Structures are given as C-alpha cells and as structure tokens.
Amino acid sequence: MDFGKIMARARAILTTPKTEWPVIAAEPATVQGLYTSYILVLAALPAVAGFIKNSLIGVSLMGMTWRAPFGSGLAGMVLQYVLSLVLVYVMSLIVNALAPSFGGQKEPVQALKAVAYAWTASWVAGAAVILPWIGWLIAIAGGIYSIYLLYLGLSATMQSPVEKTAGYTAVSIIIGIVLGWIVSMIVAGVVGTAALTGAAMSGGHVTLSGDNGSVTVDKDSAAGKLAEMGARAEQASKELEAAQKSGDTSAQQAAMSKMMGNDGNVQSLSADQIKAFLPDSAGGLKRQSLSAERSAGVGVQITVAHGQYGDGSRNIELEISDTGSMKGMMAVANAFAAESEQQTDNGYEKTYSKDGRLVHESWDKVNKTGDYTVVVGQRFSVKASGNAEIDQLKDAVNSVDLGKLESLKNEGVSKN
C-alpha cells in the first residue's frame, strides 16, 4: 500500500478536481484495488478521529468532561469503519443503477470511483471532529464539498451529459444522506447506550471480541438491516437494468422503489392533501401564508407543505413532509434510532421515542429559538421551528391531526 500515492491522489482531487477526474476515469481499476489502495485508508480517518474524541479526549459540557468507555468507543470505531465501507459500495450500486436514467453509461467500477473519490473531502474533513466546536463546521464543509466533487465526477466517470449531471447528483445525494443518517444513528446507539449503561454490547445486535477485535453483526440488528438493504439494492439494480432495456417504465419505477427499501411502489401524497393538514392557527399564532409542492424524479418522490405563523413579534414555521418513496429508508432509521440528549449553558438538544414515534427537539434559551419534530407512521415528518417558546413549538406540531396523518401511512403504496 503506497501511502504517498494515496495522499497525492487525495490532494489532487481536493485541489484540482476538474483536471483530476478525467485522469481517474481513464485509469484501469478493480473494486478490490480501489478498496485496498484508497478507500480502506481514507474511510478510517473519521472513524479513528471519532474514537479519539469520544474515548480519549472526551466531550466537555457545562464544565464537565464525558468520555465513552474504551471498549464501547473501540466498538463504535470499528462499527463505523465497517459500515462506511459497506455504505460506499451500496452508494456505488445506486449511482451505477441511476446512470442510464441521466444519459450515462453503467459501469460498476467507474461508479465506485465516483463515490470513493468524491467522498475524499468528507473523509478528510471528518478527522476534524477532534477539534472543539469548529471541528463540526469543518466536517459539514467537507460534506458539502463532496457533493461538488460528485457533481464534477459523474460526467467523467459515468459519461453523464453535463446538462443532466445536476439532477443525477441531487438524486444520488438524497439517497446518500438518508443512508448516512442511518449509519450515524447505528454508531451512536452502540457508543451511547454502552457508555451510559456500562453493559456489554450483545443481545442480538453487535458483539465485540476483546481478544481479536472482531465484530459480529446480527442479521436482525440495524447493521444487518443495512447490509440487507445493500443486497436489495444490488438485486434492484439488475431489475432496473432489465426494465430499461425493455422500456417498461412501471418496472423501472418498481425497481427504484425496491432500491430504497420499499416492498412496492410508493406515491407521496399530493400537494393539496398535505397542505390540508396545516391548521389556521398553530402555537397560538395565526397562519400568515402557506405553500406546498411535490418533487419527483427517477423514483424519488417527496411532498412538502410549509405554513408561516406569526403575530409580529413571534413566528413559527410549520413543515409537513411526506417522504414518499423514501418510506422504506425512513422505517429503518426510525426503528433503530438511538435516544440521545445534550445539555449546554445555552439550551439543549435531544432525540427520543414517544408513543412509538421518533421525536427530536432543540432549544436555545439565549436566542429564544428552537425546533420540535415528530416522525409519524415512519413516513411523515411534522416540524415546527422559529423564535417561540419550546412549548409553543410542541403545541404547533400537536395542532396537526397526527392521528389522521398516520392513518395515511399506506396511502399510495402498491405492492410489486
């Protein structure tokens, strides 16, 4: 393994991507070669940095420093690393399957190149989590730059026409964000739960052997579900290819839906249906405006409605989203979401389950702003945010008929 060559490539793709992508596309490569000569090294950076931050340096809040136990931190590092390697391959399958839909050419090795080298920025910036506060900003910046790198790389590697590359990138990133969210929650669940309870990680989920450092993943665990999603994506890509050759558009839609973890096609609700759930008043404030739209493209369909509420001094934005064709992935994320809570001098942020629904809330008591989100029916997201008291934000969400919304969780779902 030539570390000098790896660093030179990473530097080139980060600093001169427009000239480096054609070089990458023209290089002979194999899946195994890309992993052993590049991916295995770069993907380790954020995993190792996270371990150092959580278990060695520690997280400081309110004058106290919390450190994850060494064993659980090590397990989280290994699991994050393994899952990131799986995630790269799953994403390459998706990028490859989408290629013909955006005028590109299917080639699995080129698809893996596109994903691996585009993610260089995210991996390198991910190491910055060691730094206090600013580290997260660097990591976010790296993620954004990775999107730009993928946009530049798809034309070179997948031969996608320039005018279609933006759409190609957008659809790929939407799927990637959801998959990344799932991975982060799996890792947080392993590190957080073990750290708080001091218990061994077993019970049919993840088992770490201290003697040899091996990780065994139960097929019924969250990690197992992610691996299963990868297998489904691979099968779906074959079905999509056959459907594209035959010109069967309904079969193409079904294959894309399967790729996103659904058992059948899922049509998101219409803009009018979602908009009807926005109440005339929320959190004690009258509605000032509302809007809704449904976006669709290559099997990805999402409907979002926005309502603005205010009285001149306070304002709340109420947002209702139907994840539609992302329903399968939302179900995985919801089922394995880890509960967490962080308190600071300025406020708090926490994620938990209530009445079988995933809830996220945050509050900044200095600026008097916050947000409150409830996932309904493992499909719909209802979020209130703005400069209002947290109880007002909760009231705003509860002003939506959540029960009726949940009753529509199977609306638009058709079995393959």
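Computation of the quantities below employed the complete heavy-atom set of this structure, encompassing side-chain atoms and omitting hydrogens, waters and symmetry-equivalent molecules. Residue numbers start at 1 and run along the sequence shown. Computed from a predicted structure; not experimentally measured.
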Got a donor-acceptor contact below 3.5 angstrom from the [X] side chain to the [Y] backbone?
{"X": "Gln110", "Y": "Glu107", "value": "no"}
{"X": "Lys113", "Y": "Ile24", "value": "yes"}
{"X": "Glu406", "Y": "Gly403", "value": "no"}
{"X": "Gln392", "Y": "Gly283", "value": "yes"}
{"X": "Ser146", "Y": "Ala118", "value": "yes"}
{"X": "Thr16", "Y": "Thr19", "value": "no"}
{"X": "Glu293", "Y": "Ala271", "value": "no"}
{"X": "Tyr168", "Y": "Pro161", "value": "no"}
{"X": "Arg357", "Y": "Val376", "value": "no"}

Calculate, to the nearest 0.5 Å, the distance between atoms [atom1] and [atom2] belonging to [X] and [Y] respectively.
{"X": "Thr169", "Y": "Lys164", "atom1": "OG1", "atom2": "NZ", "answer": "14.0 Å"}
{"X": "Ile320", "Y": "Phe277", "atom1": "CD1", "atom2": "CZ", "answer": "7.5 Å"}
{"X": "Ile316", "Y": "Ser385", "atom1": "CD1", "atom2": "OG", "answer": "8.5 Å"}
{"X": "Asn346", "Y": "Asp364", "atom1": "CG", "atom2": "CG", "answer": "5.5 Å"}
{"X": "Lys106", "Y": "Leu98", "atom1": "NZ", "atom2": "CG", "answer": "9.5 Å"}
{"X": "Leu42", "Y": "Ile39", "atom1": "CG", "atom2": "CD1", "answer": "9.0 Å"}

I want to check something: taking the side chain as every heavy atom from C-beta on, are [X] and [Y] in contact at a cut-off of under 4.5 Å?
{"X": "Lys5", "Y": "Tyr38", "result": "no"}
{"X": "Val95", "Y": "Met158", "result": "yes"}
{"X": "Val359", "Y": "Ser353", "result": "no"}
{"X": "Ile274", "Y": "Val304", "result": "no"}
{"X": "Lys286", "Y": "Asp311", "result": "no"}
{"X": "Phe380", "Y": "Leu408", "result": "yes"}
{"X": "Trp119", "Y": "Val124", "result": "no"}
{"X": "Lys368", "Y": "Glu389", "result": "yes"}

Closest non-hydrogen atom pair, [X] against [Y]:
{"X": "Tyr348", "Y": "Ile390", "answer": "OH-CG1, 3.5 Å"}
{"X": "Arg379", "Y": "Val375", "answer": "N-CG1, 4.3 Å"}
{"X": "Ala388", "Y": "Trp363", "answer": "O-CZ3, 2.8 Å"}
{"X": "Ala282", "Y": "Pro279", "answer": "CB-CG, 4.3 Å"}
{"X": "Leu290", "Y": "Lys275", "answer": "CD1-CG, 3.2 Å"}
{"X": "Asp322", "Y": "Leu269", "answer": "OD2-N, 2.6 Å"}

Evaluation steps, side-chain contact (heavy atoms from CB on, under 4.5 Å), between Tyr89 and Tyr35:
CA-CA 10 Å; Tyr89 187 66; Tyr35 267 93; 3.3 Å; yes

Can Thr303 and Ser268 be counted as having a side-chain donor-acceptor contact under 3.5 angstrom?
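A pair is found: one side chain offers a donor N or O, the other an acceptor, under 3.5 Å apart.
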
State, without any angle test, whether Asn387 and Asn315 hold a side-chain donor-acceptor pair at a distance under 3.5 Å.
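Checked: Asn387/Asn315 side chains pair up, N/O donor to acceptor below 3.5 Å.
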
Hey, mind stepping through Glu317 and Lys383 against salt bridge (charged side-chain N to carboxylate O under 4.0 Å, His left out) and telling me if it holds?
CA-CA 8 Å; Glu317 179 179 13; Lys383 176 182 179 181; over 6 Å; no

Step by step, would you call Thr373 with Glu361 a side-chain contact (heavy atoms from CB on, under 4.5 Å)?
CA-CA 6 Å; Thr373 306; Glu361 62 177 278; over 6 Å; no

Quick one: is the NZ or CZ of Arg9 closer than 6.0 Å to the six-membered ring centre of Tyr117, and within 45° of its axis?
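Relative to the ring axis of Tyr117, which defines the angle, Arg9 lies inside both limits.
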
Within 45° cone of Tyr352 ring axis and under 6.0 Å: Lys354 NZ or CZ:
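That pair does not qualify as a cation-pi contact.
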
Could you go through His360 and Asp371, starting from their C-alpha distance and side-chain angles, then the distance that decides it, and tell me whether this counts as side-chain contact (heavy atoms from CB on, under 4.5 Å)?
CA-CA 8 Å; His360 174 81; Asp371 65 78; 3.5 Å; yes

I need the full list of side-chain hydrogen bond (donor to acceptor under 3.5 Å, both in side chains) pairs touching residues 151-163, with sequence neighbours left out, sorted by first then second residue.
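Residue pairs with at least one partner in residues 151-163: Ser155-Thr165.
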
Could I get the full list of side chain to side chain donor-acceptor pair (under 3.5 Å) partners for Asn398, not counting sequence neighbours?
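With neighbours one apart ignored, the set is empty.
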
Could you give me the CA-CA distance, side-chain angles and deciding distance for Leu150 and Ser172, then say whether side-chain contact (heavy atoms from CB on, under 4.5 Å) is met?
CA-CA 9 Å; Leu150 183 62; Ser172 300; 4.2 Å; yes

